[in-house]
Amino acid sequence: MFGYIRPLKDELKVREFEQFKTCYCALCHTLKDDYGAAAQSILNYDFTFLAMLLWPPQDQPVHTCARCVASPFAKKTYCQTTPALHRAAGCSVILAWWKLRDGIRDESFFESLKDRFACLFLRRAYKKAAARFSDFDAAVQSNIDALTALESNGTGSLDQCADKFAQITAAASVESDEQRRRALHELLYHTGRLIYILDAVDDLADDLKAERFNPVAMRYALTSPTPDEETTSALRTTLTHSVNMAGAAFELLDENGWTPITRNIIYLGMPEVIARVLAGTWNKKIETRRQRN
């Protein structure tokens, strides 16, 4: 998937980084328990962040130990599954499914074979997740369709396209408390907006080569995968705006057991990833492998 939403490890205490890993491992176990081993392939940092945000302030993480595929000989500590982890796992399966379907729709038959095989493996998991979290599935379907329409006719502005994806991430939270619901909606909306624009910047070279629609290329009339200084500055401004808005919403939330880590992700991790993507030092394939190891 994406993996842009991560902590800045060097600024975490050792205890906090170990804590982060317990939630990451817990999401992996939840994906397997709820949707089968195939679902573990979509594990990523973004939905670990979601699980931490959804964790009720009054609930402290309860830890256990077990062996797994990643650590077959030594037991690893992870959190026991909670409703927050169940929803993060279900939402990640649903979004992964619709992104694969969108990829199949955009590519030729042979170019989409990888996505087609992935869909076969994920189909059963998706059906289960969609039945369990039908509200999120409906939000993803409607916004993916709207986003596809904007991209296919080539007239969608950067803000319009980013808004559709941001509406998807904002829908990942369902809260009964109105104040918490509004704060999480705003935080997740701007997180989604950040992810979409970063991904568009990251895909510039491939999209220009394949002559595919890219909202960043269209917005700034780019013909080169390396934006000039003026474009880079404009992108940094709009991305930083989303980080600031996410931070403002974050401060309205009550603290929970993950607050030191989620604060690091918003105020340090997000700006670091922005800097790396804009500088061209972010390698999507390498970062995806790092997530899985």
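Position 1 is the first residue of the sequence, and the numbers go up from there.
Between the side chain of Thr237 and the backbone N or O of Ser233, at least one donor-acceptor pair lies under 3.5 Å. At distances below 3.5 Å, at least one donor-acceptor pair connects side-chain atoms of Ser41 with backbone N or O atoms of Ala38. A donor-acceptor contact shorter than 3.5 Å links the side chain of Thr281 to the backbone of Arg276. Side chain of Arg6 to backbone of Gly3: a donor-acceptor contact under 3.5 angstrom is found. Side-chain N or O atoms of Ser134 include none that pairs as donor or acceptor with a backbone N or O of Ala131 at under 3.5 Å. In this structure, Asn214 contributes its side chain and Ala200 its backbone to a donor-acceptor pair below 3.5 Å. With Glu16 contributing its side chain and Lys13 its backbone, the two residues share a donor-acceptor pair below 3.5 Å.
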Quick one: do Leu184 and Arg180 satisfy side-chain contact (heavy atoms from CB on, under 4.5 Å)? Show the steps, please.
CA-CA 6 Å; Leu184 277 172; Arg180 180 170 165 79; 3.9 Å; yes
Between Ile274 and Leu194, is the side-chain contact (heavy atoms from CB on, under 4.5 Å) condition met? List the steps.
CA-CA 9 Å; Ile274 290 171; Leu194 177 77; 3.6 Å; yes
Given the rule in the side-chain contact (heavy atoms from CB on, under 4.5 Å) test, do Ile266 and Phe49 qualify, once you have shown the distances and angles that lead to the verdict?
CA-CA 10 Å; Ile266 293 170; Phe49 177 62; 4.0 Å; yes
Begin with the C-alpha distance, continue with both residues' side-chain angles, and end with the deciding distance and a verdict on side chain to side chain donor-acceptor pair (under 3.5 Å) for Asp137 and Trp98.
CA-CA 9 Å; Asp137 184 53; Trp98 285 110; 2.9 Å; yes
Can you list the steps and then say if Phe136 with Ser173 is a side-chain contact (heavy atoms from CB on, under 4.5 Å)?
CA-CA 9 Å; Phe136 185 71; Ser173 172; over 6 Å; no
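Atom CD1 in Ile5 sits 9.0 Å away from atom OG1 in Thr169 (nearest 0.5 Å). Note that CD of Gln160 is 12.0 Å distant from CZ of Arg219, once rounded to the nearest 0.5 Å. Considering NZ of Lys75 and SG of Cys68, their distance stands at 12.0 Å, rounded to 0.5 Å. Separating the OG1 atom in Thr238 from the CG atom in Leu158 is a distance of 6.5 Å, to the nearest 0.5 Å. Expressed to the nearest 0.5 Å, how far CD of Gln40 lies from CG of Asp33 amounts to 8.5 Å. Interatomic distance, Ile197 CD1 to Cys161 SG, rounded to the nearest 0.5 Å: 10.0 Å.
Cluster annotation: Tyr78 is not connected to Phe47 through the hydrophobic network of ILVMFWY side chains, with a link wherever side-chain heavy atoms come within less than 4.5 Å.
Between the side chains of Thr148 and Asp102, at least one donor N or O sits under 3.5 Å from an acceptor N or O. A side-chain donor from one of Asp228 and Thr231 sits under 3.5 Å from a side-chain acceptor of the other. Side-chain polar atoms of Thr30 and Thr81 form a donor-acceptor pair below 3.5 angstrom. For the residue pair Tyr4 / Asp199, a side-chain donor-acceptor distance below 3.5 Å is found, with atom types taken as modelled. Side chains of Gln141 and Asp145: a donor-acceptor N/O pair is absent below 3.5 angstrom, by distance only.
The pair Arg212-Asp203 does not count as a salt bridge, with every side-chain nitrogen at least 4.0 angstrom from each carboxylate oxygen. Ion pairing of Asp159 with Arg193 is present here, as a side-chain N (NZ or NE/NH1/NH2) and a carboxylate O approach within less than 4.0 Å. A salt bridge links Asp135 with Arg87: the distance from a Lys NZ or Arg NE/NH1/NH2 to an Asp or Glu carboxylate oxygen falls below 4.0 Å.
Looking at heavy atoms from C-beta onward, Phe213 lies out of side-chain contact with Ser152 at the 4.5 angstrom threshold. The side-chain heavy atoms of Val174 and Phe133, taken from C-beta on, include no pair separated by under 4.5 Å. Side-chain contact check for His86 versus Thr82: every heavy-atom pair is 4.5 Å or farther apart. With contacts defined as side-chain heavy-atom distances shorter than 4.5 Å, the pair Asp34/Val93 does not qualify. For the pair Leu278/Arg236, a side-chain contact is recorded, criterion being any heavy-atom separation below 4.5 Å from C-beta on. For the pair Thr191 and Met270, the minimum side-chain heavy-atom distance is below 4.5 Å. Residues Leu120 and Arg116 are not in side-chain contact: their nearest non-hydrogen atoms beyond the backbone lie 4.5 Å or more apart.
Contact between Gln19 and Gly257 at its shortest, heavy atoms only, is NE2-O, 3.3 Å. The shortest heavy-atom contact between Leu43 and Cys28 is CD2-CB, 3.6 Å. For the pair Cys91 and Leu50, the tightest heavy-atom approach, listed with the atom from each and the gap, is CB-CD2, 4.4 Å. Closest non-hydrogen pair, Pro225 versus Leu204, comes out as O-CD1, 3.9 Å. In terms of heavy atoms, Leu208 sits closest to Leu222 at CD2-O, 3.7 Å. Scanning all heavy atoms of the two residues, the minimum distance from Leu27 to Asn44 falls at CD2-O, 4.2 Å.
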Donor-acceptor pairs under 3.5 angstrom involving side-chain atoms of residues 59-66: please list them, not counting sequence neighbours.
none

Please list every donor-acceptor pair under 3.5 Å in which a side-chain atom of residues 245-256 meets a protein atom from a residue at least two apart or in another chain.
residue : atom : partner : partner atom : Å
Glu251  : OE2  : Tyr267  : OH           : 2.6
Asn256  : OD1  : Trp258  : N            : 2.8
Asn256  : OD1  : Thr259  : N            : 3.2
Asn256  : OD1  : Thr259  : OG1          : 3.4
Asn256  : ND2  : Met52   : O            : 3.0
Asn256  : ND2  : Trp55   : O            : 3.0

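Sorted by first then second residue, the ring-ring contact (aromatic ring centres under 6.0 Å, His included) pairs that include residues 217-240, not counting sequence neighbours, number zero. Applying the ring-ring contact (aromatic ring centres under 6.0 Å, His included) definition to pairs two or more places apart or across chains, those involving residues 171-196 are His190-His241.
Val216 pairs in a side-chain contact (heavy atoms from CB on, under 4.5 Å) with only one of the listed residues (Leu235, Leu198, Asp202), which is Leu235.
Other residues, nucleotides and ligands contribute more than 12 heavy atoms inside 6.0 Å of the CD atom of Gln58. Heavy-atom contacts from other residues, nucleotides or ligands closer than 6.0 Å to CD of Glu178 number more than 12. Heavy atoms from other residues, nucleotides or ligands lying under 6.0 Å from CD of Glu18 number more than 12.
Partners of Arg123 according to the salt bridge (charged side-chain N to carboxylate O under 4.0 Å, His left out) rule, which considers only residues two or more places apart in sequence or in another chain, do not exist here.
Connectivity analysis of hydrophobic side chains (ILVMFWY, heavy atoms under 4.5 Å, direct or indirect) links Leu8 to Leu268.
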